[in-house]
Amino acid sequence: MTDASNQRIFSGIQPSGHLTLGNYLGALKRFVERQDEGIETIYCLVDLHAVTVWQDPKALRQQTREAAAAFMAAGIDPARSILFNQSQVPAHAELGWLMNCVARLGWMNRMTQFKDKAGKNSENVSLGLYAYPALMAADILAYHATHVPVGDDQKQHVELTRDIATKFNHDYGVDFFPLPEPVIEGPATRVMSLRDGSKKMSKSDPSDASRINLTDDADTIAQKFRKARTDAEPLPGSTEGLKDRPEARNLVNIYAALSGETQDAVLSRFEGQGFGTFKPALADVAVSVLAPISTRMAEFLADPGEIDRILGQGAVKAEAISAPIVAKTREIMGMILSR
């Protein structure tokens, strides 16, 4: 990124369930770093995406506040970044419908996350769960975002956004929507389950032992890492030795991401040692990073009215950017604008 004045970062997290270590390393940590690059940063709690499956209304409100507290506790400054929840800004839902009419059915059928989430029950899930990638595209395009920090599992959604933007621009003979670039960085862009190294760490996993929650205390973090699935082999001296060891690779990646080291540097220090030594060291690093975030989250959550105020202020700023873009989209598509 060179000319910050022509760039805008947008990304979001779904406020369904407790945010995890995966959310922190794959998103929040990088979101915070972006604030210092002189680029406008917009971060959204995508509650419209959350309701693609049924949510208890009271729980969703609390989870949205908790996610906002996690953003701020991790270092997102509402004075430097725009932080809001999606449903407060009408542009998302309106542009989401318009992009539904641009996206092609074949594109949606190729989206792997729908297949993963729907499983064998695809006939009974909501239409929203099927169509939500077009809403995600609208989330990005509503701000003319140029860069989208994502984990590698979300890269397909940014590629879909580019396809939708390209088709819109071509169909209407305009150069209106920029083609956003996915930003995938760091050693832990996809943190895996502590119980199964082949699956992503998820806040929706039925097993709480599969993840580190940002609200977990030090004893819980240590216990979860101690019980994390591993193999019987000692740690190798380089990443090549982790090729067919998904659980070991996951724990090393987590250590590297939390400590700011490379995987090879971590392995060089622990080469030949077993997980009886490595896991406690990993727990110590995790606690040193996450404990201050957990404490700060609790402070924010003690004043939910202040969280709501901050999100409301963010929504006003977000609407000031997105409303003219959606109005121009309607104009390009031939809709009468006067009221």
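Counting begins at 1 with the first residue of the sequence. Just so it is clear, the structure is predicted and the values come from calculations on it, not from any experiment.
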Does the pair Tyr132 and Met111 meet the rule for a side chain to side chain contact (heavy atoms under 4.5 Å, CB included), with working shown? CA-CA 10 Å; Tyr132 87 90; Met111 302 305 291; over 6 Å; no

Carefully, step by step, assess Met335 and Leu98 under the rule side chain to side chain contact (heavy atoms under 4.5 Å, CB included). CA-CA 11 Å; Met335 299 171 188; Leu98 297 178; 3.7 Å; yes

Between Thr146 and Arg8, is there a donor-acceptor pair closer than 3.5 Å when you use the side chain of the first and the backbone of the second? yes

Donor-acceptor pair, distance only, cut-off 3.5 Å: does the side chain of Gln86 make one with the backbone of Asp47? yes

Verify, without hydrogens or angle tests, whether Asn213 (side chain) and Thr215 (backbone) share a donor-acceptor contact under 3.5 angstrom. no

Kindly say whether Ala228 contributes a backbone atom to a donor-acceptor pair with the side chain of Lys279 at under 3.5 angstrom? yes

Using a strict 4.0 Å threshold on nitrogen-to-oxygen distance, state whether Asp36 and Arg80 make a salt bridge. yes

Note, Leu83 side chain near Leu311 side chain (heavy atom, < 4.5 Å): yes

For Gly312 and Gln88 the tightest heavy-atom approach is CA-OE1, 3.9 Å

How close do Leu267 and Thr239 get, heavy atom to heavy atom, and via which atoms? CD1-N, 3.5 Å

Output for pair (Trp107 CH2, Leu160 CG), nearest 0.5 Å, gives 7.0 Å

When clusters are formed by joining ILVMFWY residues with side-chain heavy atoms under 4.5 Å apart, either directly or through shared neighbours, do Val158 and Met108 land in the same one? yes

For Phe177 and Leu141, which heavy atoms make the closest approach, and how far apart are they? CE2-O, 3.6 Å

Quick one: are Tyr130 and Val125 in side-chain contact, heavy atoms under 4.5 Å? no

Give the intermediate values and the outcome of side chain to side chain contact (heavy atoms under 4.5 Å, CB included) for residues Asp284 and Val287. CA-CA 5 Å; Asp284 288 345; Val287 168; 5.9 Å; no

With side chains defined as the heavy atoms from C-beta onward, is the minimum distance between Phe278 and Thr230 less than 4.5 Å? no

Salt bridge (charged side-chain N to carboxylate O under 4.0 Å, His left out) partner of Asp208, chosen from Lys224, Lys203, Arg195: Lys224

Between Ile9 and Pro149 the two heavy atoms that sit nearest each other are CG2-CD, 3.5 Å

For Arg269 and Tyr255, what are the C-alpha separation, side-chain angles and deciding distance, and is it a side-chain hydrogen bond (donor to acceptor under 3.5 Å, both in side chains)? CA-CA 12 Å; Arg269 188 161 68 256; Tyr255 191 111; 3.0 Å; yes

With the side chain counted from C-beta on, respond yes when Asp163 and Lys167 share a heavy-atom pair under 4.5 Å apart, and no when they do not. no

Under 3.5 Å, is there a donor-acceptor pair between the side chain of Ser294 and the main chain of Leu290? no

CD1/Ile307 to OG1/Thr64 distance, rounded to the nearest 0.5 angstrom? 10.5 Å

Side chain of Gln55, backbone of Ala50: donor and acceptor closer than 3.5 Å? yes

Rounded distance [0.5 Å steps], CG in Leu60 versus CH2 in Trp54: 10.0 Å

Cluster overlap Ile140 with Ile164, hydrophobic side-chain contacts below 4.5 Å: yes

4.5 Å side-chain heavy-atom contact, Pro324 and Lys328: no

For the side chain of Asn169 and the backbone of Thr166, is there at least one donor-acceptor N/O pair under 3.5 Å apart? no

Distance check, rounded to the nearest 0.5 Å: Ile325 atom CD1 versus Ile321 atom CD1? 7.5 Å

Is there side-chain contact between Leu48 and Leu135, with at least one heavy-atom pair below 4.5 Å? yes

Is the backbone N or O of Ser202 less than 3.5 Å from a side-chain atom of Arg211, with the two atoms forming a donor-acceptor pair by type? yes

What distance do Ile254 atom CD1 and Tyr24 atom OH have between them, rounded to the nearest 0.5 Å? 13.0 Å

Going from CD on Glu299 to CE on Met297, what distance comes out if it is rounded to the nearest 0.5 angstrom? 11.5 Å

Between Asp196 and Arg229, does any side-chain N to carboxylate O distance fall below 4.0 Å? no

Carboxylate-amine/guanidinium proximity below 4.0 Å for Arg162 and Glu159: no

Would a single hydrophobic cluster contain both Met192 and Leu258, if residues Ile, Leu, Val, Met, Phe, Trp and Tyr are joined by side-chain heavy-atom contacts under 4.5 Å? no

Taking the six-membered ring for Trp and the single ring otherwise, decide whether the centroids of His144 and Phe176 are under 6.0 Å apart. yes

Is there a side chain to side chain contact (heavy atoms under 4.5 Å, CB included) between Ser81 and Phe31 once you walk through the steps? CA-CA 9 Å; Ser81 294; Phe31 293 174; over 6 Å; no

Looking at every non-hydrogen atom in both residues, tell me the closest pair between Glu66 and Leu19 and how far apart they are. OE2-N, 4.3 Å

I want to check something: taking the side chain as every heavy atom from C-beta on, are Thr329 and Phe168 in contact at a cut-off of under 4.5 Å? yes

If you group Ile, Leu, Val, Met, Phe, Trp and Tyr by side-chain heavy-atom gaps below 4.5 Å, do Met136 and Val46 land in one group? no

4.5 Å side-chain heavy-atom contact, Val285 and Glu261: no

List the atom of Phe84, the atom of Ile42, and the distance in Å for their closest heavy-atom pair. CE2-CG2, 3.6 Å

Check for a donor-acceptor pair, side chain of Arg330 on one end and backbone N or O of Ile336 on the other, with a separation under 3.5 Å. no

Quick check: is Trp97 connected to Tyr143 through a chain of hydrophobic side chains (ILVMFWY, heavy atoms under 4.5 Å apart)? yes

Check: Gln313 side chain, Pro78 main-chain N or O, donor-acceptor pair, under 3.5 Å: no

